[in-house]
Amino acid sequence: MGKKRMTESTYRIQGATGEWEVVIGLEVHAQVTSNAKLFSGAATAFGAEPNTQVSLVDAAMPGMLPVPNRECIRQAVRTGMAIEAQINKWSRFDRKNYFYADLPQGYQISQLYHPIVGEGQIEIVLDEKNPDSSTKVIGVERIHVEQDAGKLMHDQHPTSSYVDLNRSGVALMEIVSKPDMRSPAEAGAYLSKLRTILRYVGSCDGNMDQGSMRADVNVSVRKPGEEFGTRTETKNVNSVRFVMAVVEHEANRQVDVLEAGGKIVQETRLYDPDRNETRSMRSKEDAHDYRYFPDPDLLPLVLDDAFLDECRASLPELPDVKRKRYEQALGLSAYNAATLTADADTARWFETLVAEAARIQGKSESDVAKASANWLLSELYGALNRLGKTLETSPVGPTDGAELLALVADGTISGTIAKQVFEIMLETGDKPGKIVEEKGLKQTSDTGAIEAAVATVLANNADKVEQYRGGKEALFGFFVGQTMKAMQGKANPQVVNELVKKALAG
Ligand code: ADP
Ligand code: MG
């Protein structure tokens with residue numbers, strides 16, 4: 001724990017009567033990574049043909065009984081542990097009753113009164129460039145598990161609507177934050193960080209464009225220091241950028257209403273990304289509208305210590321801990337550590353690179369970490385961006401990357417040549433050692449050859465030699481550059497420096 005530091009946000013909206021502060025709470029629905037649904041054995045694969053993953057339970061055939069999927073429960077518990085939350089060893093499922101064509105049961109099995117996970121917390125970074133000194137802790141109220149609904153399709157036929165029940169009964173975690181965020185940036189940072197954690201834990205794939213994660217965005221405004229204002233809730237927002245846009249738009253709309261003497265009504269709104277605006281959908285319903293009651297088909301969920309121990313033991317190193325370790329044990333800058341740990345796959349790639357680089361060079365990981373990080377974040381990322389690829393589809397893997405770094409570290413090739421070798425690796429997929437060998441790219445410290453090159457450069461630039469000797473010392477770099485060029489980049493830069501110096505002095 002010990003995460004108490006709060007940085008006051010200075011995000012304010014200027015109204016005619018003064019400044020307004022924005023208050024935000026997010027309810028995030030995250031689809032649990034599991035092979036089967038929450039209460040049935042039907043598959044959960046994304047993109048399957050409509051209604052091919054529907055069991056009798058999901059279709060709500062009379063007499064069917066739900067059976068909780070242990071893996072879904074386990075993933076929710078592991079997620080709770082990852083945000084340092086209270087895990088409730090006793091929880092219970094409730095029925096939330098409502099009628100809609102995508103809900104065959106006529107109720108959703110959820111957890112209102114006794115959620116499986118209680119209060120927790122998520123630390124967000126407010127200044128990307130300075131991740132050590134600008135953090136804020138956002139409280140999490142609870143996480144409960146519940147069933148997803150089916151999907152209505154209104155655009156398949158001119159006069160009919162269809163329903164796809166593949167998603168019906170899929171397990172969701174609803175992760176409810178406290179109203180602790182105060183700006184669009186904080187809301188965006190919270191959602192990104194939550195996604196990072198879920199992907200580390202492996203409890204949700206975080207694919208927002210496939211609907212694996214969607215946020216209900218609660219927004220209210222108040223004069224700083226006053227009580228919370230009435231909030232609106234904008235449903236099913238499916239990207240970080242959209243969440244930030246909703247907060248910004250909705251807060252400004254509310255300020256306009258209030259400044260004009262109006263009142264905010266508690267309501268559910270919809271976001272239209274094409275027009276970047278929210279629209280009223282319905283007035284807010286209260287818990288009693290749903291006639292919640294304990295689901296009589298399900299026993300309370302009781303977790304024993306062995307189960308909890310297994311959940312805890314199965315957690316990976318989490319992003320905050322990893323980031324600190326990259327800084328403290330590997331000596332990376334705070335910014336690089338934050339960048340490399342923002343995604344579980346990136347961190348894994350980096351760790352393989354470092355381990356391989358250390359192994360090949362016979363050095364410790366901390367000795368090779370900085371060069372590895374710099375190469376990954378500048379050279380490799382630059383190339384991947386250019387090629388429209390990601391680490392996952394990278395033509396160069398961490399082992400070949402490590403070999404390239406080793407060739408530079410032991411002086412076989414210069415940094416300049418390394419860039420050329422890397423380009424060839426990207427194109428051909430060949431190993432760096434083989435490329436260096438075949439193309440004769442080894443760096444030379446052969447003083448005879450370098451001396452000859454220096455002599456030619458000086459002879460061809462007699463005027464500049466004159467100027468240099470007359471005091472224009474900045475020309476030194478020019479001679480070094482020309483010599484390197486004459487040596488096709490293969491000369492050892494240190495030797496070139498020395499020999500140029502010697503020749504100019506002579
Ligand atoms: P309900 O039970 O009506 O769904 P909750 O108390 O569970 O309401 O809150 C739902 C979400 O709304 C939470 O994420 C919470 O942080 C947020 N929230 C509550 N009050 C406010 C407010 N005044 N302004 C902004 N967000 C709020
Ligand atoms: Mg709620």
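Ligands are counted one by one from 1 in listed order, and the atoms in each one are counted from 1 as well. No hydrogens, no waters, no symmetry mates; every other heavy atom, side chains included, goes into these values. Counting from 1, the numbers follow the sequence of the chain as shown.
Sorted by first and then second residue, the salt bridge (charged side-chain N to carboxylate O under 4.0 Å, His left out) pairs with a member in residues 376-400 read Glu379-Lys419, Arg386-Glu423, Asp400-Lys431; sequence neighbours excluded.
Between Tyr290 and Tyr107, the gap from one ring centroid to the other reaches at least 6.0 Å.
Near Lys178, the atoms of ligand 1 lying under 4.0 angstrom from a non-hydrogen atom of the residue are 16 (O). Taking every heavy atom of Val176 and a limit of under 4.0 angstrom, the matching atoms of ligand 1 come to 13 (C), 14 (O). Atoms of ligand 1 found under 4.0 Å from any heavy atom of Gly229 (numbered from 1 in listed order, with element): 23 (N). Listed by atom number, the atoms of ligand 1 under 4.0 Å from Leu26 heavy atoms are 14 (O). Of all atoms in ligand 1, numbered sequentially from 1 with element shown, those under 4.0 Å from a heavy atom of Val23 are 24 (N), 25 (C).
Here the side chains of Ser212 and Met208 are not in contact, with every heavy-atom distance at 4.5 Å or above.
Nearest to atom 6 (O) of ligand 1 by heavy-atom distance, out of Glu27, Arg231, Glu141, is Arg231. One option in Ser177, Gly139, Gly25 has a heavy atom closer to atom 13 (C) of ligand 1 than any other, and that option is Ser177. Of the listed options Val219, Thr230, Asn218, Asn218 places a heavy atom closest to atom 11 (C) of ligand 1.
Side-chain atoms of Asn336 and Thr339 form no donor-acceptor pair, as typed in the model, at a separation below 3.5 Å.
Within 6.0 Å of the CD atom in Glu49, the count of heavy atoms belonging to other residues, nucleotides or ligands does not exceed 12.
The side-chain hydrogen bond (donor to acceptor under 3.5 Å, both in side chains) test with Arg199 singles out one residue from Asp345, Thr33, Asp205, and that residue is Asp345.
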